[in-house]
Amino acid sequence: MANSMRAEHSTLGGHSVESSANTIQGADVFRLPNAIVLADANNFFASCETVFNPQLAGRPVVVLSNNDGCVVSRSAAAKQIGIVNGTPWFKIRDQAEHDGVIARSSNYELYASLSHRMMHVMSGFFSHQEVYSIDECFLHNTMTRARTEQTCNRLRNAVLRGVGIAVSVGVAPTKTLAKIANHWAKEHPASHNVTFWTDILHEYGDDVLRSIPVSEVWGVGRRITKKLMSMGITTALDLQRADPVLIQHRFSVLLERTVLELRGIPCVEDASNASSGVRRTQILCSRMFSSPVRGFETLSQALSVYAQQACHRLHRQNSLCGSVAAFCSTSPFSKEYSRIGNSVILDDPSDNPMVVSKAACDALRHRIDEHAPYIRAGVMLLDLSDAQDFNTFEGMDAQRDEHGIGNVLEIATRRFVPRRVGIGYGGLRGAGRNDADTGATWTMRRDMLSIRGTTRWDEMPIVHA
DNA sequence: TCTGGGGTCCTAGGACCC
DNA sequence: TCTGGGGTCCTAGGACCC
């Protein structure tokens, strides 16, 4: 599919020949100038923090990554005082606190819950929704220009009223252009947070793409930017005008598709597996430790906890894994950086946390340096297959865990909350209120965690009337 | 002192087969 | 003694996204 698409576009040199059929069906829908609607929450994590804590509205708020490491989301006010995403918190903490910045540990349980509500509300306004990330979705549109604008505004109001989150909307013929239109909507208050690509193109012509550095185009990362710059391609307009065949040759089909998308030719396919939820092809669970861990004994505690968490996700999508990989590493910022990884093939595909946990530990057992300070570790489940499809000869069954410990864990998790029970260290809970708080020294730091008002009875917000 | 986590897709290159 | 070329499959690594 992707290949035939590429061949077609490459040979046609940019503009496709339409078939005579003008039916609003299948791929033809996406040839319409307003076919793709991208709805994206403004400063999502920071906005979520404000939902149940309205005093934060208008104030500089930042949300930190796990372990309170880096800034990952900023409110408008925090952006205004010049805080940059990705900055390590320890480097700016003093100044930020002096400036009245309020920091929060990331509260993914809250964000996931609000994301779910937001997506549900938005799904009602268009025929097809493709959830792209926790805070944005593509909506497929077949309405007229006027109807589309009306619908986008109703969608924005519904999310704002129903969930308390502001979203911006970009409308364009392709996803890449919708990203650009969405960005424009966020940057230009006059747009009322809904921007049509065709409008800004009509008003500003080539200046729109000329004003966008190539590094800001969706799909262009740091490495590719550097290489493009050396070829004299510095703006989105330069990339749009580049030869797709040359780009494909020097880079990849991915970037070639970006060139075509910038020209208004849709090439990025639907990535979501309908609305029923996506089945992952690999599952990774990894964390940084709050302080360095030495020795296999302690490391295996962490591996065991991560393996159980990974199995929980494996079970949820009804898959089995054929192999388990584990890794650990010292700090990449230290002189003696080392990373150790190894994988183990299971005798039979399994979703049993006991089996997976043991495999993860076995993978690293005799490989680690007993004295090295490890700062992170992770467990990866690979070679996933559908549990229902699994058939072998008699006597060679999958190591399924039908009535065993995994199911007991699932049931207990559903009835109580995650991590009230578990194997080994995964079952211990310390005094703190953090999910992963096992009382061990390595569990992650979340010193500034807000309430999980939508998922925990004991943390429900209190309203004073 | 202190720098996130979880994914996807593509490509190159090796192994193997005929 | 000489030892082609093309296809397929797999894996590791690179690059990207949010």
Side-chain angles (χ1 to χ4, degrees), chain A residues 1-3 6 38 40-41 43-45 62-73 84-94 103 105-108 111-112 115 131-138 175-176 179 182-183 214-228 248-258 267-273 278-292 306 309-310 313-314 317 322-323 325 327 329-334 337 339 341-343 345 373 375-384 436 444-447:
Chain A
M1 179 70 177
N3 277 339
R6 184 177 86 225
L38 172 63
D40 186 323
N43 323 318
F44 184 59
F45 295 168
V62 297
V63 174
L64 306 177
S65 61
N66 275 342
N67 230 12
D68 295 341
C70 301
V71 174
V72 291
S73 178
V84 177
N85 252 354
T87 314
W89 177 236
F90 76 89
K91 284 191 179 172
I92 56 165
R93 180 182 193 147
D94 289 346
S105 303
S106 42
N107 185 347
Y108 287 105
Y111 310 151
S115 167
V131 176
Y132 177 69
S133 72
I134 193 164
D135 71 333
E136 64 190 303
C137 65
F138 293 107
K175 289 179 178 170
T176 306
K179 279 269 186 188
N182 186 287
H183 192 69
V214 75
S215 59
E216 284 178 23
V217 175
W218 188 43
V220 179
R222 220 179 320 160
R223 295 300 252 283
I224 290 180
T225 297
K226 211 172 147 194
K227 195 165 162 190
L228 284 171
Q248 197 261 314
H249 200 227
R250 297 253 188 114
F251 298 87
S252 69
V253 292
L254 292 175
L255 197 62
E256 183 199 17
R257 281 180 205 159
T258 301
C267 309
V268 178
E269 289 175 71
D270 193 333
S272 75
N273 255 351
V278 202
R279 173 161 282 158
R280 309 271 167 221
T281 57
Q282 63 182 55
I283 290 170
L284 170 71
C285 183
S286 99
R287 292 279 181 283
M288 294 211 31
F289 304 132
S290 53
S291 57
Y306 303 158
Q309 212 166 322
R313 279 191 256 156
L314 184 73
Q317 68 169 34
S323 64
F327 64 89
S329 75
T330 60
S331 171
F333 300 97
S334 78
Y337 173 61
R339 186 186 189 284
N342 185 34
S343 64
I345 298 169
I375 60 126
R376 86 178 300 138
V379 173
M380 213 185 302
L381 308 187
L382 303 162
D383 198 6
L384 306 193
M444 89 183 158
R445 192 160 50 217
R446 290 207 287 179
D447 293 336

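A, B, ... follow the sequence lines: proteins, then strands. Residue 1 opens every chain.
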Partners meeting ring-ring contact (aromatic ring centres under 6.0 Å, His included) with A:Tyr108 (sequence neighbours left out): A:Phe45, A:Tyr111
Below 3.5 Å is the cut-off: list the nitrogen or oxygen pairs between protein and nucleotides 6-9 of chain C, distance only.
none

For nucleotides 11-13 of chain C, list the nitrogen or oxygen atoms of the protein found under 3.5 Å from its nitrogen or oxygen atoms, one pair per line.
none

Look at all strands and tell whether [X] reaches a base, only sugar-phosphate, or nothing, counting heavy atoms closer than 4.0 Å.
{"X": "A:Leu64", "result": "nothing"}
{"X": "A:Val217", "result": "sugar-phosphate"}
{"X": "A:Asn67", "result": "nothing"}
{"X": "A:Asp135", "result": "sugar-phosphate"}
{"X": "A:Arg376", "result": "sugar-phosphate"}

Under 4.0 angstrom between A:Lys179 side-chain N/O and C:dC18 OP1 or OP2: yes
B:dG4 OP1/OP2 closer than 4.0 Å to side-chain N/O of A:Trp89: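 For B:dG4, OP1/OP2 do not have a side-chain N/O of A:Trp89 under 4.0 Å.
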Pairwise P distance, C:dC18 and B:dC2 [rounded to whole Å]: 30 Å
Please name all residues satisfying side chain to side chain contact (heavy atoms under 4.5 Å, CB included) with [X], sequence neighbours left out, ordered by chain then number.
{"X": "A:Ser323", "answer": "A:Ile345, A:Leu382, A:Asp383"}
{"X": "A:Tyr337", "answer": "A:Ser329, A:Thr330, A:Pro332, A:Arg339"}
{"X": "A:Thr225", "answer": "A:Val214, A:Ser215, A:Val220, A:Met229"}
{"X": "A:Thr281", "answer": "none"}

Can you sort out the partners of [X] under side-chain hydrogen bond (donor to acceptor under 3.5 Å, both in side chains), two or more places apart, ordered by chain and number?
{"X": "A:Ser65", "answer": "none"}
{"X": "A:Asn182", "answer": "A:Lys186"}
{"X": "A:Arg93", "answer": "A:Glu97"}
{"X": "A:Thr176", "answer": "A:Glu261"}

A:Phe333 ring over B:dT3 six-membered base ring, under 5.5 Å and 30°: yes
Pair assignment for DNA chain C - dot-bracket with | for other-strand partners, Watson-Crick or G-U under 3.5 Å: ....||||||||||||||
Minimum-distance nucleotide to A:Ser252 side chain [options: B:dG5, C:dC18, B:dC10]: B:dC10
